Amino acid sequence: MEHNAHQAQKDKIMEHNVQPSQASTSRRSFLRRGLAVGGAGAIGAGLFGAGSLYTNFAQAQTASPTVTKGDVAILSFLAAIEIIESDLWQQYNELGGIQDSEVPGGSGSAAYIKALQVLDGDMSQYIHDNTEDEISHFTFLNAYLASKGADPVNLERFRTLPSSQATGAQHIGRLTNLMQLTVDTSWWTRYRSRTKNPDFGDTFPQAIPGLSKGQFPAIPRHDGDLSPKDHLQAIANTAGFHFGYIEQGGSSLYPSLAQGVTNPEVLRILLSIGPTETAHFQTWHDKAGNAPALTDPTNGLVFPDLNASGGEDTQTNLIMPEPTVFLSRKFPVVSIIRPTEIAGSGGAVATVKSFTADGLFIGQSPEFFALLNELAKQADEARRG
Ligand SMILES: [Fe+2]
């Protein structure tokens, strides 16, 4: 760009930045923020004080802002989801992971671990680490809630579902059911699409159509599930795709809810935990692509060869999010987490709906659903104050 044209462009940007309507909008939003975070003192200073807008803004920044009711709703729902995730990952770890002081409980199932290792030799380590991460998430969120005078989330009374009877599992009450899953594998094609986005209402085909119909175990239900070989491999394959399903959910949930957060520290919590869900998702996305093509001889569940079509929609090594449309189709495509619309299909209510359709809560009480749905509703209603 020539100098003169460049200067003209700069002038235009400057002009745009000082347009009165915009300036008054930011002042209005500053005052609104002052109301929420600084109380009467901040409002007084903002309206009548001698300091400039910038001085007052700096004061508002250094004051310790309130954690709002909406923030507590978001943190509480996330704590509940992390407790649920910990419960399901604990079941995977007892049979397929590493049982140690970091993630105690269970003694492992050698045959199940061998089938999981077809997807990757390090599956047990990854299962262990994912489990430990989820436990740390809910423990931190509950401790933070308590530090702000809010009630930590406790789902202990809902640990009523049965454990697997397979050798290696503990016999304790569970919150979640991994033995009757209907796994939605549309996340696979959603992250490969270059033209669609669920926030635009778009839908996506299943990678493993058989898993989205019927009910399938993702852990051996009893030692009878350890054979025949292709049956046990189908269980391990189901787990492989279920891992990706769970963690893509967390990858959308955190950025969706972050948009409703008011307090900067709470926002920091969401922005710091959320991407670890995506780190998990990225790992599982890669491993699921190694699930061997087979048909379960006991129930006909088919895992197709995802590379057979030659199309990008199922190609197994396309594990990084393909660029797609975002915000408006007028913008160039961009590689993003999807969906992220606030209170949209990646939000709290949608997450509960999706986990329910997944079969995770089969056998849970009406009280459990009532509590979870109420927490979800309040989290989705939170807005930045
Ligand atoms: Fe988590």
Side-chain angles (χ1 to χ4, degrees), residues 71-94 96-98 102-105 123 125-146 152-156 158-159 174-176 178 183-184 187 218 239-261 265-288 337-340 346-356 358 360-361 372 375-376 379-380 382:
D71 292 340
V72 169
I74 287 170
L75 292 167
S76 300
F77 177 73
L78 288 172
I81 283 294
E82 297 288 0
I83 290 170
I84 286 163
E85 281 194 307
S86 298
D87 178 84
L88 74 90
W89 277 109
Q90 174 69 33
Q91 294 184 65
Y92 281 126
N93 194 66
E94 288 177 16
I98 296 168
E102 290 170 348
V103 187
M123 286 295 269
Q125 186 68 56
Y126 300 151
I127 290 170
H128 168 279
D129 290 357
N130 205 140
T131 311
E132 187 190 10
D133 290 359
E134 308 304 1
I135 293 169
S136 77
H137 288 167
F138 91 73
T139 306
F140 178 89
L141 290 166
N142 264 347
Y144 187 81
L145 280 165
V153 175
N154 185 328
L155 300 179
E156 289 304 304
F158 300 115
R159 290 192 187 281
R174 311 287 183 174
L175 291 171
T176 60
L178 295 178
V183 186
D184 182 347
W187 54 269
F241 279 93
H242 193 236
F243 297 164
Y245 162 78
I246 290 292
E247 301 301 314
Q248 62 79 33
S251 298
S252 279
L253 181 62
Y254 276 85
S256 301
L257 290 181
Q259 295 164 74
V261 167
E265 191 171 72
V266 175
L267 182 61
R268 184 179 176 190
I269 293 171
L270 268 73
L271 294 182
S272 302
I273 293 181
T276 68
E277 305 284 339
T278 308
H280 300 156
F281 169 49
Q282 177 75 2
T283 302
W284 298 128
H285 195 167
D286 188 31
K287 305 315 162 197
I337 294 299
R338 61 200 82 159
T340 55
V349 169
T351 298
V352 172
K353 213 173 141 195
S354 177
F355 278 17
T356 303
D358 183 56
L360 262 188
F361 305 136
L372 202 55
L375 286 171
D380 272 353

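Keep in mind the model is a prediction, meaning the values are calculated, not measured. Numbers here simply count residues along the sequence, with the first being 1. All ligand and atom numbering here is 1-based and tracks the order in the structure.
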- prompt: Around the Fe ion (ligand 1), how many protein N, O or S atoms are there at under 2.8 Å?
  reply: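 Every protein N, O or S atom under 2.8 Å from the Fe ion (ligand 1) counted, the figure is 5.
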Verify, without hydrogens or angle tests, whether [X] (side chain) and [Y] (backbone) share a donor-acceptor contact under 3.5 angstrom.
| X | Y | value |
| --- | --- | --- |
| N142 | V153 | yes |
| E134 | Q90 | no |
| S252 | P339 | yes |

- request: Applying salt bridge (Lys or Arg N to Asp or Glu O under 4.0 Å), name anything that partners D87, two or more places apart in sequence or on another chain.
  value: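 Once residues adjacent in sequence are excluded, the partners of D87 under the salt bridge (Lys or Arg N to Asp or Glu O under 4.0 Å) criterion are R159.
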H137 and E85: CA distance, side-chain angles, deciding distance, side-chain hydrogen bond (donor to acceptor under 3.5 Å, both in side chains) verdict: CA-CA 10 Å; H137 288 167; E85 281 194 307; 5.3 Å; no
is_close_aromatic(Y126, F243), centroid dist under 6.0 Å: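 Aromatic pair excluded; centres sit 6.0 Å or further apart.
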